[in-house]
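Keep in mind that this is a model prediction, so the values were computed, not measured. Every chain is numbered from 1, with letters handed out A, B, ... down the list of sequences.
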2 protein chains.
Amino acid sequence: MKEIIQNAWIIRTGGVIKKIPFNGYVVIEHGKITGIHEGVPSPAQIAESDEVTNASGKWLMPGLVNTHGHLGSSLLRGHGDDLKLDTWLKTVMWPNEQKFDSKLVRTAAELAISEMIRSGTTTYLDMYHLSMPELAEMALKRGFRAVLCRGMIAFGSSEEQEAKLQESIDLSKHYHNQGEGRIRVMLSPHAPYTCPPSFYERTAELASEHGLMIHTHASETASETAKHFEEYGMRPVEHLYQLGVLHQDVLLAHAVHLNEAELDFLKETNTAVSHNPMSNLKLGSGIADIPSMQQKGIRIAIGTDSTASNNSLDLFEEMRFAAMIHKGMYQDPTVTKAEEILRMGTSEGANILGYQKTGDIREGFDADLILIDPDQPHLTPWTPERIHSHLIYAVKGSDVTDVWIQGKRQMNKKELLMIDEEKILYESNELVKYFE
Amino acid sequence: MKEIIQNAWIIRTGGVIKKIPFNGYVVIEHGKITGIHEGVPSPAQIAESDEVTNASGKWLMPGLVNTHGHLGSSLLRGHGDDLKLDTWLKTVMWPNEQKFDSKLVRTAAELAISEMIRSGTTTYLDMYHLSMPELAEMALKRGFRAVLCRGMIAFGSSEEQEAKLQESIDLSKHYHNQGEGRIRVMLSPHAPYTCPPSFYERTAELASEHGLMIHTHASETASETAKHFEEYGMRPVEHLYQLGVLHQDVLLAHAVHLNEAELDFLKETNTAVSHNPMSNLKLGSGIADIPSMQQKGIRIAIGTDSTASNNSLDLFEEMRFAAMIHKGMYQDPTVTKAEEILRMGTSEGANILGYQKTGDIREGFDADLILIDPDQPHLTPWTPERIHSHLIYAVKGSDVTDVWIQGKRQMNKKELLMIDEEKILYESNELVKYFE
């Protein structure tokens, strides 16, 4: 299978060299990018291709990488906002989540994937406690690129804890690195306030034994950080460091409330952070100190969290928040530059999730690509030099017209190919009629 | 001319009564809303209408009100970002703006209006120093609702200052309250750092004499505030208060750096604020203390500023930033609630600009209305109870399908009717090829 995407403005986001987008074509063979060229392909190249896409006037860029989410919560979008965290958890999240069954979770996941693909995300991470094998099977069969994390709350007995870990290990045995590397599995203790230190130690042991990464929430709110200190005499991230959990194969979600020493622990261990600015703002959790992390050289990616607390999965908008709020906080427009944020949302995000060969337009990389239609007032005027700026400060998810994952078309001219969208929208609206 | 919009979910945003959106129809006669009803119109009502729009499954709400912008700068979108303010002004804004002519300003304004109508804005304020009579004439003829402010920098001689004021007065004589009240004119000293105190006094005198409002920038950055204090021994807003300029017919843009006493001056005088969160973040100006203003009962509206510093005119996104950043700053999700922000972006914004009869769906109000298509993954699931939340936390400008201003259709199923959009996009891209 050989494909060509031609007449596109080709945007590369990774690497150290800043290159102005140029007009040209990309060759894809068996899901991998095998050629990136200025100009137009020869008639012979066209003739020997199975599929040729004319992207005339459009922008071609790597698909976006969403490094933190909970797909199963999607049906809670807009169901209780502007509430104190504990009120929200007690009156909205917990009573409803208790009623979730596999049909609901499956529908919620497909809804979330529809929204993500529509808005240009080609890689997602899903931390959830229900139906993970079913969701893994779906991602494998339909060609999605997914990092699957069986979220583990470890309040229970040691048998219950072991059972959850075993579920995660089983998931990894069936799915880790399947789909020519598309599917990845991580071990996912929920958070230091829901898992005892011993559980983190056990998780780290198993992660090392099975060659898996760890993904966990950490220091999302000031109150959980203060309570942790009260209980253990250490802040959560310091505690994870002391336990030997922090490591280059660990990804922390949120990391809003970290002190200087904790930032240094992240740097020392090369631990990565998933920055979720919109969820952190909306829940009143605070604003992670991304400029300080950047200055220390800590690895940072972008995530949306779930629609229960965001309420959007549009990573373009998430990148915009990430680019803008820190400028305001620091009263300095030179922090979190457009190109830095763009890298976090693509190549750096992929790299942090353990994908070595996607997240940029490079030869030998998997063809996770999206097309953007710039022929609209809100992206006008544009020149090749302005494209990087527009991608962060002006593009909306709705500007994405076409999406490929591993060379397979997922969206064609705004039509989703691997999801029955009409059915999912209908079922989603039906399912929530009885929510509390 | 009688129109009916039927089968819509009708969303009211103003008033003190919170009402869940209901399905029904709106009757419009000669540009005004004359009926708002649940259910469906009778066959007789349909028969006697000149135009019937079937909005089945869509949301009908008041058009958005953008209370601060500079349309003439639109072609600078993305032309130099992430720069220190003085570098940006000296290398990007000033050298290019000096070359602007009336054709460029006209094109930039039409581009901005295209973007605003597409994203649901039915009222805009434009502060600019060039071509204002021409832009007023365009707004009048094409049915836009516009507040026109001939921006005045008063560094020059008193003759030059008077000439600028005279231009503003002339503009008001020709256009203020024209178009059955659609066009309004305000007097617009640029800012306390570009206009001496005497100029503000003279402006206030003329405003009172001619029954005009005043619109000015104030305390956008920390440095201008500090410099003002150095020069006058008073902060800018305190100074405007001492000069007797603050008044219920005054609208301040930005108001980022205000102390407690200055907030009290705003409250005491009933002076209004245009909150421009995205521009304030992107330029590193800071974050206005909106929750404190709300607590004091200060009148607040929303504005985008120009695409040179935002870089978007999508007021849905601006409202989202306004709703979210203060929750993060205060670490409190209960501040800046969705319904409060929605009101700022519609009824309160209209009221602050001096429009007594638009900004909400009410009998006797001008029919400034927009339709939103919720049948999309990012707005799913939805119930009538979730609509207000979705409008602030999930809707994108691109979800708007139809727009009416004063009962006249401006956008029909995503097609702009009063602007030659293809021509404007082409010309905009041509005009910037020679920018510095």
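The parts of A:Leu75 that come within reach of chain B are both its backbone and its side chain, each placing non-hydrogen atoms under 4.5 angstrom from that chain. With a threshold of 4.5 angstrom between heavy atoms, A:Tyr426 does not approach chain B through any atom at all. Heavy atoms of B:Leu85 lying under 4.5 Å from chain A belong exclusively to its backbone. With a 4.5 angstrom heavy-atom cutoff, B:His79 touches chain A via backbone and side-chain atoms both. Only the backbone of B:Gln376 comes within less than 4.5 Å of a heavy atom of chain A; no side-chain atom from C-beta onward does. Of the atoms belonging to A:Leu283, it is backbone heavy atoms, and not side-chain ones, that fall under 4.5 Å from chain B. With a 4.5 Å cut-off on non-hydrogen atoms, B:Met116 does not touch chain A at all. Of the two parts of A:Leu76, only the backbone, made up of N, CA, C and O, holds a non-hydrogen atom closer than 4.5 Å to a non-hydrogen atom of chain B. Both the backbone and the side chain of B:Gln331 come within contact range of chain A, each with at least one heavy atom under 4.5 Å from a heavy atom of that chain. Both the backbone and the side chain of B:Asp375 have a heavy atom closer than 4.5 Å to some heavy atom of chain A. Only the backbone of B:Ser285 comes within less than 4.5 Å of a heavy atom in chain A; its side chain stays farther off. Looking at B:Leu83, only its backbone comes within 4.5 Å of chain A, counting heavy atoms on both sides. For B:Ser74, the part sitting under 4.5 Å from any heavy atom of chain A is the backbone (N, CA, C, O) and nothing else.
A salt bridge does not link A:Asp81 with B:Arg386: none of the charged nitrogens is closer than 4.0 Å to a carboxylate oxygen. Residues B:Asp314 and A:Lys396 are paired through a salt bridge, judged by an N-O separation under 4.0 Å between the basic side chain and the carboxylate.
Environment of NZ in A:Lys90: sparse, with no more than 12 heavy atoms of neighbouring residues, nucleotides or ligands closer than 6.0 Å. Summarising the local packing, CD of B:Gln295 is surrounded by 12 or fewer heavy atoms from other residues, nucleotides or ligands at distances under 6.0 Å. The environment of A:Lys99 atom NZ is dense: over 12 non-hydrogen atoms of other residues, nucleotides or ligands sit within 6.0 angstrom.
Using modelled atom types, one side-chain atom of A:Arg77 and one backbone atom of B:Thr380 make a donor-acceptor pair closer than 3.5 Å.
Taking OG of A:Ser312 as the start and CG of B:Leu379 as the end, the distance is 9.5 Å to the nearest 0.5 Å.
Ranked by heavy-atom pairs under 4.5 Å with chain B, the first of A:Glu421, A:Arg118, A:Glu317 is A:Glu317. When each of B:Met278, B:Met329, B:His326 is scored by its heavy-atom pairs under 4.5 Å with chain A, the top score falls to B:Met278. The candidate with the highest count of non-hydrogen atom pairs below 4.5 Å against chain B, out of A:Asn311, A:Thr336, A:Leu431, is A:Asn311. With chain B as the partner, the residue from A:Asp332, A:Val335, A:Ile287, A:Val256 showing the most heavy-atom pairs under 4.5 Å is A:Asp332. Here B:Pro381 is the residue among B:Gly328, B:Pro381, B:Ala394 with the most heavy-atom pairs under 4.5 Å with chain A. Note: B:Trp382 leads B:Phe435, B:Tyr330, B:Trp88, B:Trp382 in heavy-atom pairs under 4.5 Å with chain A.
The minimum heavy-atom distance between A:Ser389 and B:Gly78, with the atom names listed, is OG-CA, 3.3 Å. Between B:Asn310 and A:Met324, the shortest heavy-atom distance links the atoms O-CE, 3.4 Å.
There is a side-chain donor-acceptor pair under 3.5 Å between A:Asp82 and B:Tyr393.
Considering only heavy atoms from C-beta on, A:Lys433 stays 4.5 Å or farther from B:Thr383 through its side chain.
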If you apply the rule side chain to side chain contact (heavy atoms under 4.5 Å, CB included), what do you find for B:Thr334 with A:Lys84, and how did you get there?
CA-CA 6 Å; B:Thr334 70; A:Lys84 290 272 182 202; 3.9 Å; yes

